[in-house]
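Keep in mind the model is a prediction, meaning the values are calculated, not measured. Every chain is numbered from 1 and lettered A, B, ... according to where its sequence line falls, protein lines coming before strand lines.
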Amino acid sequence: MIGVGRATELLEQARELAKARKFREVTDLLGDLSLETVAEEPELGILRSVALSYQCQHPNAKKNLELIRHIIEGSEDASLMWRWNNSYGVQLTHHGLLEEAETILLACLVNAERTNNLNWIWQATTNLGVIASVRGDVEHALTLNGRALVTAQRIGELYGIGAAHHNSGIVLREWARYDEAASHFAQAHEYFSQSSIPEEIIFTSTERAQLFSCLGDHMLGEELIKRTLSRSREVGNQGLICESLKIYGVILTSVGRLDEARGYLAEASKLGATLYRLLLRAELAEAQTDLELSCGDRDKARGYLDTAIAHYLRLGATAHVERLRYRYRAL
Amino acid sequence: MGCRMESARITVIAPSESFSEIWAQLARFAGAQIEVSPTVGESTSIQSTSGVVIAAGGVEDCSIPLLHELKAAGAPDPVVAGVETNYRTVAGLLQAGATNYFALPGDYMLFRSWIVEQVERESYRKKAEVFTAGERKRFDFSRMIGRSPHLLDSLDRASRVIPRGSATVLVMGETGTGKELLARAIHYNGPRAGSPFVEINCSALPENLLEAELFGYEPGAFTDARVPKPGLFEIASGGTLFLDEIGDLSPQLQAKLLRVLEQRRVRRLGSVRDVDVDVRIVAATHVDLPAAVEDGRFRSDLYYRINVVPLRLPPLRERGDDVLLLAEYFLQRFATEYDMPKPRLDPEIRRALRSYPWPGNVRELRNAVERALLLGGGHLFPGDLFPDGAPRGAAAGVLPFPAPMSEIERAAAHAMVEHCGGNKSQAAKALGISRKHLYSLLSEVGR
């Protein structure tokens, strides 16, 4: 007789929550998960890591994956092993170990293609696209995002379609291809709206606000980011609040309202220090470099620039380091 | 897309009572319906099932005739769940057509995982159907906004192309006129709707990368080619490949594309084997292709090959009052999105909308309406439609004089991109610099 234990019941609950993208609840549910329970239902360990990752707790997510590795391997379940590898690849990316992450995720992609698992192909391709973006390899990121987009369409994954456009928009905006970025963000917004995930819609709105400002329309950028910040606070997502504060600060710096900008960036920095998002921290330091330069304080600007470079280096984002060194070569 | 989908179905053929206690708990865990029948003939789900299990439970030998029977009935490839661990018996089952064998109770977790995977695959198949239906509705010709004769003529011609699933279509029009939207409408309203719609912007990638994307490659074809990769022609198989900005293709890629269109076969980079491809090509460009052919920038044979069904999308300035219809549509949409009352288009706004030439076409109008609505807080003021009449482009502004060379270069880069309607390749070419150099100039911040 094969019975249903407490671990299985826990797994059923956690799967339902994860399906509804309620990751904070997943973390609460699996907060005191023991290795014995994971041994009974190894998927619990993976779900816990995924949930931690969504809350920017990347060191915990990575550590958790490392702890359960032997259990997952012992299960001989190819599906769990694939998910473990994919999740671990994501965590390595967040820790700036791009070479290792790429090797693992490429293996995931090959495996997914061999078994013709479109869901896996979509996930691995999206994650490889993120690595290319972090590296600043725009064209490579665009091709990977394009492929992730096609695969997401083939499985009707609206969130995936939106994410592919969103990721393309970000990398294009970062490298000043604004018109192309605008087109991708418009589509990301469209598909995220259809998939009804408020966080994702807000995330794209923050990016659009920054884009409008890059295009010289600071007034529209400010109006949009004001709304976005308010929505971020409503949904209570710390990462989004921090992102919105940062962009608000960037826009205000652009229009010379430096004291207000300083307030928003200080709040963002305080919040950012509680989140393990190196990219966000790097961008924050970059924004503060701009602010201090605008205030005429070159020493402070130099300090923030060094911080931004250090964060980008930790992420393995060497193209961004080059960009900063070129952009602020006068400092 | 809030429609509730029916759960996936797993069919179990169980000649004995074996494992009868596990089906309910497996069904609950995987969120599936599990139908258990003693024989293949008594199963009602064999044609529509997501997965078939033979529950052999101690009578593994009886499974071989069942495997043959299932194959004859056109069932999906089955797996066998049993208790036998003798490798010869298992090998016999696999030889007879079983795709996997689970020895219970030891393999219970793996068996459960297999069921979950079948359910997930079914769920994605259904989601894809819902997505396609949604896109068909979204891109339906009757929902396209506009009454101008030029537009209606193009839409009429496009709708007549649809049943001819293989006819190549060439969509011409300025930036922002809706070429991609038309390409999607052709795909999702036609016989290829259930297959992929694959798009690529030919001006967004350097030549070597674009070639690898379109045709795919084998390991070792070039330094970074570590694993085999199908090209977009292969990925789009059965569906539509949308080649945006085809006018920007290099001469070498024009020749390769011509070969594919003529032979309907592609060869991956580094491969010695051709692969048949069945795709509809929809090409689009803002370039005047006949003039490009005249100048020798575009191959005439490729032009004639893609110009089978030419469609021209008129610029917004030639569409008369369509600008008002579109503005109404965007107003409604953004008012809903930003939770604001939809304001009226008063005469002053109407005049402003009609008199502006809209060089960025529908895309520019969309942005203008969103801007005016957001800044007006639910009211529309003509002055909010455009950002201070300022030119588009990052850090654009009046160039100080005297100015350092770097400032002049940066301003020239922005001005040329603006002049070329945002087309960076064209701008780089016109400035006589590489795209990379152009991007570095554009990303610089003025001091």
Seminar exercise, completed: When rounded to the nearest 0.5 Å, the distance separating CZ of B:Arg28 from CD of A:Glu12 is 4.0 Å
Exercise. Which residue out of B:Asn201, B:Val198, B:Ile200 racks up the most heavy-atom pairs below 4.5 Å with chain A?
Worked result: B:Val198
Seminar exercise, completed: Per-residue tally against chain A (heavy atom, under 4.5 Å) across B:Glu180, B:Arg125, B:Glu337, B:Glu199 peaks at B:Glu337
Seminar exercise, completed: Of the listed B:Ser195, B:Gly176, B:Ala212, B:Pro230, the one with the largest count of heavy-atom pairs under 4.5 Å with chain A is B:Pro230
Problem set entry | Straight-line distance of B:Glu120 CD to A:Trp120 CH2, nearest 0.5 Å | 9.0 Å
Problem set entry | Residue among A:Glu76, A:Arg147, A:Arg15 with most heavy-atom pairs under 4.5 Å to chain B | A:Arg147
Problem set entry | From B:Leu205 atom CG to A:His140 atom NE2, the distance as rounded to the nearest 0.5 Å | 10.5 Å
Exercise. Is it the backbone or the side chain of A:Ser254 that comes under 4.5 Å from a heavy atom of chain B, or both, or neither?
Worked result: neither
For this session: Look up atom CG in B:Leu110 and atom OG in A:Ser79, then write down how far apart they are to the nearest 0.5 Å.
Result: 10.0 Å
Exercise. In terms of heavy-atom pairs under 4.5 Å, which option from B:Ile235, B:Leu210, B:Asp224 contacts chain A the most?
Worked result: B:Ile235
Exercise. Quick one: are B:Glu370 and A:Phe212 in side-chain contact, heavy atoms under 4.5 Å?
Worked result: yes
For this session: Compare all side-chain heavy atoms of A:Thr8 with those of B:Gln25 and state whether any distance is below 4.5 angstrom.
Result: no
Seminar exercise, completed: Among A:Glu113, A:Glu41, A:Glu139, A:Arg177, the residue with the most heavy-atom pairs under 4.5 Å to chain B is A:Arg177
Problem set entry | Segment of A:Gln187 engaging chain B (4.5 angstrom heavy-atom cut-off) | side chain
For this session: Select one option (side chain, backbone, both, neither) describing which atoms of A:Arg173 are under 4.5 Å from chain B's heavy atoms.
Result: neither
Seminar exercise, completed: Bottom line for A:Glu223: the part with an atom under 4.5 Å from chain B's heavy atoms is side chain
Seminar exercise, completed: Looking only at heavy atoms, the pair that brings B:Arg138 and A:Tyr191 closest together is NH1-OH, 2.9 Å
Problem set entry | Neighbour count above 12 (heavy atom, 6.0 Å) for A:Glu99 CD | no
Seminar exercise, completed: Rounded to the nearest 0.5 Å, the CG atom of B:Leu375 sits from the CD atom of A:Glu222 at a distance of 9.5 Å
Exercise. Step by step, would you call A:Asn117 with B:Arg121 a side-chain contact (heavy atoms from CB on, under 4.5 Å)?
Worked result: CA-CA 8 Å; A:Asn117 189 321; B:Arg121 283 181 188 245; 3.8 Å; yes
Exercise. Can you name the closest pair of heavy atoms from B:Met109 and A:Glu40 and give their distance?
Worked result: CE-O, 3.0 Å
Seminar exercise, completed: Most heavy-atom pairs under 4.5 Å with chain B, out of A:Arg231, A:Glu190, A:Glu180, belong to A:Glu190
Problem set entry | Residues B:Arg112 and A:Glu43 bridged, charged N to O under 4.0 Å | no
Exercise. In terms of heavy-atom pairs under 4.5 Å, which option from B:Phe197, B:Tyr124, B:Phe19 contacts chain A the most?
Worked result: B:Tyr124
Exercise. When rounded to the nearest 0.5 angstrom, what distance separates CG in A:Asp77 from CD in B:Glu117?
Worked result: 9.0 Å
Seminar exercise, completed: Scored by heavy-atom pairs under 4.5 Å with chain B, the best of A:Ile161, A:Leu149, A:Asn119, A:Leu118 is A:Asn119
For this session: Output the option from A:Thr143, A:Val150, A:Leu106 having the highest count of non-hydrogen pairs under 4.5 Å with chain B.
Result: A:Thr143
